[in-house]
Novice: 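One structure, as structure tokens, below. Some questions next.
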Amino acid sequence: MTSASSSSARSLFAESKQRLAERVQVNMNNIASLARQIQRGSKSNELLMKAARDTACTEPLMESTEQNLKKMQLISVHIGYQLESIQKSAELINEINDHVAGLHR
Amino acid sequence: MGSEQSMPPKKQAQRAPPVRRGYTVAGTSYSDGRRDTIASGNNSPGASMCSDSELPYISYTVDRPIGDSPKHMSRAQRESKKSMAHRRQMSVQARRTQRPRDIVVVKGPSDSQLDEDIRRLQEIPTFLPIMRGTLGLPGARDPEVLEGLDYRPWARLSSRLQAHLAACAHPLANTQAALTAQIKQTDSEVSRVYAQAVERQRSNARHAERLARLRDLSHQLARCNSILTGTLRDAEELNQMLPESRRLAPFVWNQKQCV
């Protein structure tokens with residue numbers, strides 16, 4: 001095992017290094033599977049994903065709410081105008097009463 | 001590791017890496033006892049995990065093999081013998097094969113005291129490489145790390161971490177669900193109020209339109225009034241123009257009298 005091959009000095013420790021790398025790889029895989037188990041075991045991913053999806057589903061609702069609110073703002077302006085005209089018309093009724101009284105002379 | 005600390009000390013002689021002192025010290029003293037430990041001819045200086053660029057003594061094994069090198073049989077031997085004869089002495093690691101041409105005999109140890117550096121090297125505790133399987137001993141395979149590792153703290157730690165993640169995620173999901181429900185509720189409320197507003201606006205429009213008719217009515221009444229007063233005045237004036245015998249009675253609105 002420890003014999004030096006005179007053919008190439010560069011391949012001297014190749015096998016040892018490969019074995020070491022394999023061991024390291026096995027350890028890394030174990031750690032990674034442990035981490036994945038921790039993450040999957042607590043169903044945090046699914047829960048949060050579901051919450052995010054539901055929130056995304058409410059987006060059209062929010063858009064319609066915004067549009068309704070804008071329309072209601074316009075409607076309020078219209079109602080203001082109508083209120084003005086109704087007030088003026090109500091004042092006219094008094095004048096009409098006077099005229100009718102005058103006609104009934 | 002504890003296993004090799006408790007090994008018998010006589011095995012330590014095999015484990016310590018052999019040292020080549022070709023360039024350092026003039027005389028060596030300890031090498032006589034170690035001559036029989038290494039039997040084979042070609043030996044690299046220990047299984048050390050060094051990089052390729054730092055592999056020591058490779059040139060030694062290639063250019064100056066101690067025993068029989070498969071490649072350089074006669075040529076390397078000739079020039080190696082020459083260089084060795086001319087350079088300083090080296091500590092002999094293996095019994096040199098007897099050659100009639102060049103025999104270098106090293107002077108014996110002058111004092112029994114070991115050299116300072118060699119003594120310090122001997123004081124280095126024995127250590128094993130990372131992967132014990134590379135040593136070549138049939139008994140010492142790579143011990144699995146799980147043998148010496150107690151899994152219970154790890155299991156506890158990971159289960160607690162898992163529970164912590166779950167405990168964080170559940171209230172968050174509940175809050176988000178509540179928010180979503182509130183959004184839906186708000187949207188329904190707003191749409192209801194919007195419908196009410198539309199209804200009110202329509203009825204307002206009807207009333208306003210009806211009341212606008214009042215304006216026309218009042219205008220017409222005013223015109224009626226003015227025309228009537230004008231007509232009455234004209235009739236009165238005409239009445240005055242007539243002679244006394246033909247005058248009409250003064251016009252009274254309530255009584256329906258035709259002129």
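Quantities reported herein were computed from a predicted structural model and do not represent experimental measurements. Order of the sequence lines sets the chain letters (A, B, ...), proteins ahead of strands, with each chain counted from 1.
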Novice: Quick one: closest heavy-atom pair of S89(A) and L214(B), and the distance?
Specialist: O-CD1, 4.2 Å
Novice: Among A222(B), C168(B), C224(B), which has the most heavy-atom pairs under 4.5 Å with chain A?
Specialist: A222(B)
Novice: If the contact rule is any heavy atom under 4.5 Å from chain B, which residues of residues 29-39 of chain A qualify, in numerical order?
Specialist: L34(A), Q37(A), I38(A)
Novice: Side chains of S85(A) and L211(B): closer than 4.5 Å at any heavy-atom pair?
Specialist: no
Novice: Could you report the tightest heavy-atom contact between M72(A) and V190(B), atom names first, then the distance?
Specialist: CE-O, 4.0 Å
Novice: Is chain B contacted by the side chain of I93(A), its backbone, both, or neither, given a heavy-atom distance below 4.5 Å?
Specialist: side chain
Novice: Find the distance between OG1 (T180(B)) and CG (D54(A)) and round it off to the nearest 0.5 Å.
Specialist: 5.5 Å
Novice: Within this structure, what is the CG-CD1 distance for the pair N204(B) and I75(A), rounded to the nearest 0.5 Å?
Specialist: 11.0 Å
Novice: What part of I86(A) gets within 4.5 angstrom of chain B, counting heavy atoms only: side chain, backbone, both, or neither?
Specialist: both
Novice: With a 4.5 angstrom heavy-atom cut-off, is it the side chain or the backbone of A177(B) that approaches chain A, or both, or neither?
Specialist: neither
Novice: Measure the spacing between NZ of K184(B) and SG of C57(A) and express it to the nearest 0.5 Å.
Specialist: 8.0 Å
Novice: Could you pull out the closest heavy-atom pair between S218(B) and L92(A), with the gap in Å?
Specialist: OG-CD2, 4.1 Å
Novice: Pick from A195(B), S191(B), A205(B): which one has the most heavy-atom pairs with chain A under 4.5 Å?
Specialist: A205(B)
Novice: Could you list which of residues 169-176 of chain B have a heavy atom closer than 4.5 Å to any heavy atom of chain A, in residue-number order?
Specialist: A169(B), H170(B), L172(B), A173(B), Q176(B)
Novice: Could you tell me which portion of I183(B) (side chain, backbone, both or neither) has an atom closer than 4.5 angstrom to a non-hydrogen atom of chain A?
Specialist: side chain
Novice: Atom CD in Q67(A), atom OH in Y194(B): separation rounded to 0.5 Å?
Specialist: 9.5 Å
Novice: What distance do E91(A) atom CD and R215(B) atom CZ have between them, rounded to the nearest 0.5 Å?
Specialist: 10.5 Å
Novice: Looking only at non-hydrogen atoms, find the nearest pair between H78(A) and Q201(B) and report the distance.
Specialist: CB-NE2, 3.3 Å
Novice: Taking CE in M62(A) as the centre, count heavy atoms belonging to other residues, nucleotides or ligands within less than 6.0 Å. Is the count above 12?
Specialist: yes
